[in-house]
Amino acid sequence: QVQLVESGGGLVQPGGSLTLSCEVSGSTMDNINIGWFREAPGKGREGVSCIGESDGRTYYANSVKGRFTFSTDKVNNKVLLQMTNLNFEDTAIYYCAAQGGDPCTVAAGKVFYEMRSRGEGTLVTVSS
């Protein structure tokens, strides 16, 4: 069973940066695709990034494109989400999730994917 543990959240000022980490156990990185999503108070769930099953590309929501970067650390069996130029709207609990069989899709600037399992999340607060 895949287990995911997020870390790296915290308090940051607008314009600042944070890097989130998601440690993966129960699978190697070659056999799993990891997506990120976030949940902000009163806003519901928003897909942040996911991996295309057929092309291996990372797809991002328009709200974070150009500011967030996904990467994989196969040696340490984890993924990173580098977040730059953060703004108030980025305040949320961030989760990593093991993608399921349905493909990662992008529609109307949003990303959607099936989740097999997810971590407990890490809180990112952008405040001055």
Side-chain angles (χ1 to χ4, degrees):
Q1 183 177 354
V2 175
Q3 293 186 321
L4 308 164
V5 179
E6 304 93 339
S7 62
L11 175 64
V12 62
Q13 292 186 336
S17 301
L18 276 178
T19 296
L20 306 183
S21 176
C22 172
E23 295 188 11
V24 180
S25 59
S27 175
T28 65
M29 298 310 300
D30 287 333
N31 295 316
I32 196 170
N33 287 329
I34 301 294
W36 287 89
F37 69 95
R38 64 188 182 184
E39 292 183 348
K43 290 188 179 181
R45 181 175 298 175
E46 178 187 18
V48 172
S49 69
C50 56
I51 307 295
E53 189 71 29
S54 59
D55 57 12
R57 290 177 54 192
T58 303
Y59 293 88
Y60 299 94
N62 280 3
S63 58
V64 307
K65 191 180 296 182
R67 300 187 299 120
F68 289 15
T69 303
F70 175 94
S71 61
T72 302
D73 180 351
K74 291 187 178 182
V75 172
N76 294 301
N77 224 49
K78 64 180 181 181
V79 300
L80 302 176
L81 185 69
Q82 295 174 279
M83 308 186 297
T84 63
N85 195 21
L86 288 161
N87 57 57
F88 297 121
E89 288 70 35
D90 296 316
T91 294
I93 300 174
Y94 284 73
Y95 301 85
C96 58
Q99 293 178 214
D102 289 346
C104 160
T105 58
V106 181
K110 299 181 184 294
V111 298
F112 302 91
Y113 59 95
E114 177 190 0
M115 284 184 284
R116 265 195 296 141
S117 59
R118 64 169 178 82
E120 294 299 312
T122 185
L123 176 63
V124 172
T125 303
V126 183
S127 175
S128 54

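Computed from a prediction, not measured in an experiment: that's the story for all the values here.
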Which heavy atom of [X] sits nearest a heavy atom of [Y], and at what distance?
X: Val79; Y: Phe70; answer: CG1-CZ, 3.6 Å
X: Val64; Y: Val48; answer: CG2-O, 3.8 Å
X: Ala98; Y: Leu4; answer: N-CD1, 3.4 Å
X: Val2; Y: Gly26; answer: CG2-O, 4.2 Å
X: Ser21; Y: Lys78; answer: OG-CD, 3.5 Å
X: Met29; Y: Asp73; answer: CG-O, 4.3 Å

With rounding to the nearest 0.5 Å, note down the distance linking SG in Cys50 to CD in Glu114. 12.0 Å

Interatomic distance, CD@Gln82 vs OG@Ser71, rounded to 0.5 Å, equals 5.0 Å

Report all side-chain donor-acceptor pairs from residues 39-46 shorter than 3.5 Å, counting only partners two or more places apart or in another chain.
| from | atom 1 | to | atom 2 | distance (Å) |
| --- | --- | --- | --- | --- |
| Glu39 | OE2 | Arg45 | NE | 3.0 |
| Glu39 | OE2 | Arg45 | NH2 | 3.2 |
| Glu46 | OE1 | Arg38 | NE | 2.7 |
| Glu46 | OE1 | Arg38 | NH2 | 3.0 |
| Glu46 | OE2 | Ser63 | OG | 2.8 |

Can you check whether [X] reaches [Y] side chain to side chain, under 4.5 Å on heavy atoms?
X: Asn62; Y: Lys110; result: no
X: Val111; Y: Tyr60; result: no
X: Ile51; Y: Cys104; result: no
X: Ser49; Y: Tyr59; result: no
X: Leu86; Y: Phe68; result: yes

If you apply the rule side chain to side chain contact (heavy atoms under 4.5 Å, CB included), what do you find for Leu20 with Trp36, and how did you get there? CA-CA 10 Å; Leu20 306 183; Trp36 287 89; 3.8 Å; yes

Check against side chain to side chain contact (heavy atoms under 4.5 Å, CB included), Glu6 and Ile93: CA-CA 10 Å; Glu6 304 93 339; Ile93 300 174; over 6 Å; no

Using only heavy-atom distances, determine whether the side chains of Asn33 and Glu53 contain a donor-acceptor pair under 3.5 Å. yes

Measure from the side-chain N and O atoms of Arg67 to the backbone N and O of Asn85, and report whether any donor-acceptor pair falls under 3.5 Å. yes

Can you check side chain to side chain contact (heavy atoms under 4.5 Å, CB included) on Leu81 and Met83, steps first, answer last? CA-CA 6 Å; Leu81 185 69; Met83 308 186 297; 4.1 Å; yes

Would you kindly confirm whether Val24 and Tyr94 end up in one hydrophobic cluster when ILVMFWY residues are joined by side chain heavy atoms under 4.5 Å apart? yes

Using 30° and 60° as the class limits, which term best fits the ring planes of Phe37 and Tyr95: parallel, tilted or perpendicular? parallel

Sequence neighbours excluded and cut-off under 3.5 Å, please list the side-chain donor-acceptor pairs for residues 117-128, or say none.
| from | atom 1 | to | atom 2 | distance (Å) |
| --- | --- | --- | --- | --- |
| Thr122 | OG1 | Gly9 | N | 3.0 |

